[in-house]
Amino acid sequence: MKKLLQVALGVLTAIGGFVDIGDFVTSSVVGARFGMGLAWVLVVGTVGIIVYAEMCGRVAALTKRAVFDVVRERLGVRFALVNLSASYFINLLTLTAELAGVAIAIQLATSVNYLLWIPLVGLVLWLVVWKLPFEVMENSFGLLGLALLVFVISLWKLGPDWSAMLDHAVHPAVPSGEGRPTWWYYGIALFGSAMTPYEVFFFSSGAVEERWGRQDLMTNRLNVFIGFPLGAVISLSIMACSALVLGPLHVQVSHVSQVGLPVALAVGKLGIAAMLVGFFAATFGASLETLLSAGYVFAQYFGWPWGKAAPRPREASRFQTLLLLTLFAAMALALTTLDPVKVTEYSVVLSAAALPLTYFPILVIANDRGYMGDQANGWFSNTIATVYLIIIGVVALVTLPLMLATKAGM
């Protein structure tokens, strides 16, 4: 049981990173509009996040320091400041959408407008961050998020033509009536959702919170090789369910409630209940990740005491104050009635444009024997990571032009 719970950090990171409100809707939109033609992007993104998250966990286990802390030392304060600025802005946007996502999950269960729930959600989020130990937090919301496996069950119950679905996935093509730029735009959105920067910052900081050492290198591998593929399976199942049920009806997915239609058809009310629990846990987990990630990178840049592992919160008072201010800012933005789905999609696409700032320094540090010793990257890891760095560079170059050309996928 202890070994299973050690994987909870990876599960929380994967559920919160892969299946937040943006991916929840984006995977469904892609499935309804493009079928399984962009499933390959999620596979590519999953391999990428596994490669780089494993490096981050390894850095944290060997140096007992979070990746962003080492980046500041290794690459200098100016480079780290640019990274901090981009990461914090994207975290704030994502947190805004995730808070709204939690409130929307409650609205779906109660029929009370989600805006009325946002202050309560913010209060509960703050209490969890303030009071709950890190291990309790990750175990609770990471494991509750597994309720989203109801999409896997729904896919099986819908009885698809598996060979036809696989053929569509491995022979992707732009459907008639859809433009190639729009197809690529949603491909980049899916890739960005799989490799969101806050995932690796949260993961490495979480490893420090749990006091990983060299003896935890296997735990690191278990986390990334189980947690992240699990998140990808759920995302692919959401996409496939949407392709089977919503695609033939030409449903234009624009709200979270539409994502649950295939579940309702396949499993019924019990399935909807499980989906709501999973969606609540995933969005709440993503809120925790983004809020803590914002605090982690800021505190690590300025050298403040940080983390939930401090015996008393006042010992990391600046870190805790920053978390509170960030939460207030996100709540204020959410209460302006900005569309939470669009906010998250924009944050995912903007994070795709900023990916090189996150992943290039990770590769540099993972090759530095001064930090890594005999656990520095080998030729195989470097080959894969370099290929992904090239892909990330291309994605960063084309993201904003595609966003403008397609009017954000319209």
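Bear in mind the structure is a predicted one, so any value in this text is a computation, not a measurement.
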When you compare the side chain of Val398 with that of Ile188, does any pair of heavy atoms fall below 4.5 Å? yes

Considering only distance and modelled atom types, tabulate donor-acceptor pairs under 3.5 Å from the side chains of residues 143-159, sequence neighbours left out.
| residue | atom | partner | partner atom | Å |
| --- | --- | --- | --- | --- |
| Ser154 | OG | Val150 | O | 2.8 |

Work out which heavy atom in Pro160 is nearest to a heavy atom in Met165; give both atom names and the distance. CB-CE, 3.7 Å

Write down the atom of Gly122, the atom of Met331, and the distance for their closest heavy-atom approach. CA-SD, 3.8 Å

Can you list the steps and then say if Arg33 with Thr182 is a side chain to side chain contact (heavy atoms under 4.5 Å, CB included)? CA-CA 11 Å; Arg33 290 181 65 168; Thr182 302; 3.5 Å; yes

Between atom CD1 of Ile365 and atom SG of Cys56, what is the distance when rounded to the nearest 0.5 Å? 8.5 Å

To the nearest 0.5 angstrom, please state how far the OG1 atom of Thr46 sits from the CZ atom of Phe191. 10.0 Å

Answer whether the closest heavy-atom distance between the side chains of Leu120 and Trp117 falls below 4.5 Å. yes

Counting only heavy atoms not in Phe302 (residues, nucleotides, ligands), do more than 12 fall under 6.0 Å from its CZ? yes

In terms of heavy-atom contacts, Phe284 and Leu125 come closest through CZ-CA, 3.7 Å

Can you list, pair by pair, the side-chain donor-acceptor contacts under 3.5 Å of residues 109-116, counting residues two or more places apart and other chains?
| residue | atom | partner | partner atom | Å |
| --- | --- | --- | --- | --- |
| Thr110 | OG1 | Ile106 | O | 2.8 |
| Thr110 | OG1 | Val112 | N | 3.3 |
| Asn113 | OD1 | Leu115 | N | 2.9 |

Apply side chain to side chain contact (heavy atoms under 4.5 Å, CB included) to Ile118 and Val102, showing your working. CA-CA 8 Å; Ile118 286 175; Val102 178; over 6 Å; no

How would you list, by chain and number, every residue that makes a side-chain contact (heavy atoms from CB on, under 4.5 Å) with Ala66, sequence neighbours excluded? Ser204, Ser205, Val208, Gln300, Trp306

For a ring pair (Phe, Tyr, Trp, His ring centres under 6.0 Å) check, start with the C-alpha distance between Phe202 and Tyr198, then their side-chain angles and the critical distance, and finish with the verdict. CA-CA 6 Å; Phe202 175 82; Tyr198 76 77; 8.0 Å; no

Between CG of Leu291 and CG of Asn91, what distance do you get to the nearest 0.5 Å? 9.0 Å

Inter- and intrachain pairs under salt bridge (Lys or Arg N to Asp or Glu O under 4.0 Å), touching residues 374-394, at least two apart: Arg214-Asp374

Could you tell me how the ring of Trp126 sits relative to the ring of Trp130: parallel (under 30°), tilted (30 to 60°) or perpendicular (over 60°)? tilted

Do you know which two heavy atoms are closest between His168 and Gly35, and how far apart they sit? CE1-CA, 3.7 Å

Mind checking what makes side chain to side chain donor-acceptor pair (under 3.5 Å) contact with Thr290, not counting sequence neighbours? none

Tell me whether the count of non-hydrogen atoms from other residues, nucleotides or ligands lying under 6.0 Å of CG in Leu270 goes above 12. no

Given Val44 and Tyr388, is the side chain to side chain contact (heavy atoms under 4.5 Å, CB included) satisfied, shown in steps? CA-CA 9 Å; Val44 171; Tyr388 269 91; 3.6 Å; yes

Verify, without hydrogens or angle tests, whether Glu199 (side chain) and Thr196 (backbone) share a donor-acceptor contact under 3.5 angstrom. yes

Report the distance from atom CZ of Phe225 to atom CG of Asn220, rounding to the nearest 0.5 Å. 8.5 Å

Thr336 meets the side chain to side chain donor-acceptor pair (under 3.5 Å) criterion, sequence neighbours left out, with none

Report the distance from atom CG of Leu357 to atom CD1 of Ile392, rounding to the nearest 0.5 Å. 11.0 Å

Pair listing, ring pair (Phe, Tyr, Trp, His ring centres under 6.0 Å) test, anchored in residues 354-374, at least two apart: Tyr52-Tyr359

Quick one about Asn83 and Ser85 (side-chain donor to acceptor, distance below 3.5 Å, no hydrogens or angles considered), yes or no? no

State, without any angle test, whether Glu289 and Tyr296 hold a side-chain donor-acceptor pair at a distance under 3.5 Å. no

Does Val174 have any side-chain contact (heavy atoms from CB on, under 4.5 Å) partners at least two apart in sequence or in another chain, and if so, which? Glu178, Arg180, Trp183

Could you measure the distance from the CE atom of Met275 to the NZ atom of Lys269? Nearest 0.5 Å is fine. 14.5 Å

Ring pair (Phe, Tyr, Trp, His ring centres under 6.0 Å): which pairs involve residues 58-106, sequence neighbours left out? Phe68-Phe201, Tyr88-Phe298

In short, Gly213 meets Lys64 closest at the heavy-atom pair CA-NZ, 3.4 Å

Partner of Ile391 by side chain to side chain contact (heavy atoms under 4.5 Å, CB included), out of Leu389, Val394, Val395: Val395

Does the side chain of Phe203 reach to within under 4.5 Å of the side chain of Asn223, using non-hydrogen atoms? yes

Of all heavy-atom pairs linking Met55 and Ala385, the shortest is CE-CB, 3.4 Å

Could you tell me which residues satisfy side-chain contact (heavy atoms from CB on, under 4.5 Å) with Ala396, sequence neighbours excluded, listed by chain and number? Pro356

Using atom types as modelled and distance alone, determine if a side-chain donor or acceptor of Asp216 lies under 3.5 Å from a backbone N or O of Thr219. no

Side-chain touch Leu108/Ile272, heavy atoms, less than 4.5 angstrom: no

If you look only at distance, which donor and acceptor atoms sit under 3.5 Å apart when one is on a side chain in residues 237-244 and the other is two or more places apart or in another chain?
| residue | atom | partner | partner atom | Å |
| --- | --- | --- | --- | --- |
| Ser237 | OG | Val233 | O | 2.9 |
| Ser242 | OG | Ser28 | O | 2.6 |
| Ser242 | OG | Ser28 | OG | 3.3 |
| Ser242 | OG | Ala32 | N | 3.2 |

Ser381 vs Val51 side-chain heavy atoms within contact, under 4.5 Å: no

Quick one: do Leu92 and Leu333 satisfy side chain to side chain contact (heavy atoms under 4.5 Å, CB included)? Show the steps, please. CA-CA 9 Å; Leu92 180 61; Leu333 283 173; 4.3 Å; yes

Who pairs with Asn382 by side-chain contact (heavy atoms from CB on, under 4.5 Å), at least two apart in sequence or on another chain? Leu363, Asn367, Asn377

